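This one's a predicted model, so the numbers in the text were calculated from it and none came from an experiment. Atoms within each ligand, like the ligands themselves, are counted from 1 in listed order.
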Amino acid sequence: MQATIDGIRLHWREAGHGPRVVVFVHAFPLDGSMWEDQLRRLPRRWRLLAPDLRGFGMTREGGALEPLTMERFADDLALWLEHLGVDRVTLCGLSMGGYVSFAFWRRYRERVHALVLCDTRASTDSAEGREARHALAARVRKEGAQVVAEAMIPRLLAPATRQGHPDLEQRLRGIIESQPAESIARAAEGMASREESTPLLPEIDVPVLVIVGAEDAAATVEEARRMRDAIPDARLVEIPGAAHLPNLEQPAAFDTALVHFLEAIE
Ligand code: MLT
């Protein structure tokens, strides 16, 4: 499905029906296709939407290329939901999708019914982390998306996933390599400049599910526990046998956690 939103053709995948809407926000540098398993497997009584963020997947940009900040992505989501006539949503964001969810909460909290924060962090990057993002942006502009796939795949998947599911590694590589280098670079810069969200956590007054892969080195279990402890109404599910992408590495455990949460907040 596609709609023109603020000068771009925003593309999304959709499944299910019903008044409750769940929006799945993808990680960096992936696209909405990372949620295909969830859209196929989750009960149809919820309306499930998985957009490709600006510059990624089939959401191609025309005209001027803007910085891809987390706020820019959040504004796109808000305009798109207005276009769909959807008032309130459960946002399920993974990693960069979690940063976008925090930006959405900062700007549009009245439109959030609940949050699912997967393998993400409320904190900003360290100085070294920011430098690494700028270095990555420079490299990807010069050498293309393949360098990002090489650098990221070992961080995204647990060793057992890479061994047992070479098909998944191939699929991820394909997704990453199909993203425009310029979008990857601008989103890396956007993440480097993202706002600190830790002070927001005690103010989040909707139900929250925190999910983390037990082997995630990018957004760790310790960070997930700190988020759970700081948010008034939060629960945490740690997924064994998964690193940074538990919805792909351990879809059955991920879906069970998500379905229990969605049922509990209905
Ligand atoms: C992601 O999966 O979205 C990235 O790991 C986010 C990040 O680099 O912080």
Taking NZ, NE, NH1 and NH2 as the nitrogens, is one of them in R54 or D76 under 4.0 Å from a carboxylate oxygen of the other?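 Yes, charged N to carboxylate O under 4.0 Å.
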Under 3.5 Å, N or O to N or O, is L94 touching ligand 1 that way?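 No; every N/O pair is 3.5 Å or more apart.
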Minimum heavy-atom distance C92-F254, with the two atoms named: SG-CZ, 4.5 Å
Should we count NE2 of H134 as having more than 12 external heavy atoms under 6.0 Å?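 Result for NE2/H134: enclosed.
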Nearest atoms (heavy-atom pairs only) where F56 meets A187: CZ-CB, 3.7 Å
Protein residue, atom and distance nearest to atom 6 (C) of ligand 1, heavy-atom basis: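 I find the closest protein heavy atom is S95 OG, 3.1 Å.
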Atom 9 (O) of ligand 1 sits nearest the protein heavy atom Y99 OH, 2.5 Å
Would you say M58 and L39 are hydrophobically clustered, going by side-chain heavy atoms of ILVMFWY under 4.5 Å? no
Apply side chain to side chain contact (heavy atoms under 4.5 Å, CB included) to residues I153 and R173 and explain how you reach the verdict. CA-CA 8 Å; I153 283 175; R173 191 177 296 280; 3.9 Å; yes
Could an N or O of ligand 1 be found under 3.5 Å from any N or O of M96, whether backbone or side chain?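 Yes, there is a polar N/O contact under 3.5 Å.
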May I ask you to decide whether R155 forms a salt bridge with D216, counting only side-chain N to carboxylate O separations under 4.0 Å? no
Is ligand 1 under 4.0 Å from a heavy atom in the side chain of A27, in the backbone, in both, or in neither?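 Both backbone and side chain.
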Numbering the atoms of ligand 1 from 1, which are under 4.0 Å from a heavy atom of R121? 9 (O)
Consider ligand 1: state whether an atom of it lies below 4.0 angstrom from any non-hydrogen atom of H26.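 No, that is not the case, since the closest heavy atom of the residue is not under 4.0 Å from the ligand.
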Write out the residue and atom name of the closest protein heavy atom to atom 5 (O) of ligand 1, then the distance separating them to 0.1 Å.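 Going by distance alone, atom 5 (O) of ligand 1 is nearest to H244 NE2, 3.1 Å.
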Please state which protein non-hydrogen atom is closest to atom 8 (O) of ligand 1 and give its distance, to 0.1 Å?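 For atom 8 (O) of ligand 1, the nearest protein heavy atom is R133 NH1, 2.9 Å.
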